[in-house]
Amino acid sequence: MNVFRLTGDLSHLAAIIILLLKIWKSRSCAGISGKSQILFALVFTTRYLDLLTSFISLYNTSMKIIYVGCAYATVYLIYAKFRATYDGNHDTFRVEFLVVPVGGLAFLVNHDFSPLEILWTFSIYLESVAILPQLFMISKTGEAETITTHYLFCLGVYRALYLFNWIWRFYFEGFFDMIAIVAGVVQTILYCDFFYLYITKVLKGKKLSLPA
Amino acid sequence: VIGRTHHDEL
């Protein structure tokens with residue numbers, strides 16, 4: 001555990017909590033892509049199956065349970081409790097275009113051809129692109145609530161911090177995981193455009209709106 | 001350590 005990994009995890013946790021609270025307090029999931037949230041629930045489910053097979057630490061286990069629990073709670077709020085506020089007309093990204101290729105890639109490029117390892121690989125690849133329905137939705141509507149941009153910022157910063165964590169681990173532990181690193185780079189790059197808008201607009205007190 | 005022997009990250 002190093003400072004990048006810890007702050008990355010906390011940033012990830014903050015993102016998840018911000019989104020849950022935003023929906024809960026406003027009693028609305030307007031502007032939130034339910035498809036991205038289903039993909040994240042799928043990501044956590046397939047990655048954390050090792051909760052049943054191995055114990056790393058109390059920190060590791062509790063964070064995994066919190067992430068999975070919050071992911072399903074978010075999906076429940078969007079598709080059940082506050083379904084009336086869900087903006088399905090703008091949430092039109094075709095997720096099969098992500099899930100199918102990612103599934104195929106997980107079968108082809110993995111560390112070990114075993115069920116748990118393929119599912120872990122699938123979750124890593126899927127996570128890297130799972131935000132696309134949300135970004136697509138924002139590009140369609142041309143705007144995002146400020147609280148939604150805080151969520152996206154924390155979520156993007158988390159993987160960027162993991163990149164520094166992997167550099168640290170490579171130098172100090174000789175640890176090197178090509179699959180996680182490549183997927184993490186892709187994931188971070190997808191947020192770059194958003195980071196630019198967040199820094200130049202939201203942090204200066206303006207609402208995030210895209211030119212028509 | 002090349003690759004992943006166990007999943008210690010989140």
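Each chain gets a letter, A, B and so on, in the order its sequence line appears, and its residues count up from 1. Quick note: numbers below take in every heavy atom, side chains included, and nothing from hydrogens, waters or symmetry partners.
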With a 6.0 Å cut-off (strictly less than), is the heavy-atom count around [atom1] of [X], excluding the residue itself, greater than 12?
| X | atom1 | answer |
| --- | --- | --- |
| A:Phe55 | CZ | yes |
| A:Phe136 | CZ | yes |
| A:Arg83 | CZ | no |

Check: Which one of A:Tyr162, A:Tyr48, A:Phe170 has the most heavy-atom pairs closer than 4.5 Å to chain B?
Finding: A:Tyr162
Next item on the list: Tell me, with the steps shown, if B:Asp8 and A:Arg169 meet salt bridge (charged side-chain N to carboxylate O under 4.0 Å, His left out).
Entry: CA-CA 12 Å; B:Asp8 67 337; A:Arg169 292 193 71 177; 2.9 Å; yes
Notebook entry, point to check: Do B:Glu9 and A:Arg47 sit within salt-bridge range, that is, some charged N less than 4.0 Å from a carboxylate O?
Noted result: no
Next item on the list: Name the region of A:Asn60, side chain, backbone, both or neither, that has any atom closer than 4.5 Å to a heavy atom of chain B.
Entry: both
Item checked: Under 4.5 Å from a heavy atom of chain B, the part of A:Asp112 involved -> neither
Notebook entry, point to check: Under 4.5 Å between any side-chain heavy atoms of A:Lys64 and B:Leu10, yes or no?
Noted result: yes
Next item on the list: Hey, could you give me the CD1/NE2 distance between A:Ile124 and B:His7, rounded to the nearest 0.5 Å?
Entry: 9.0 Å
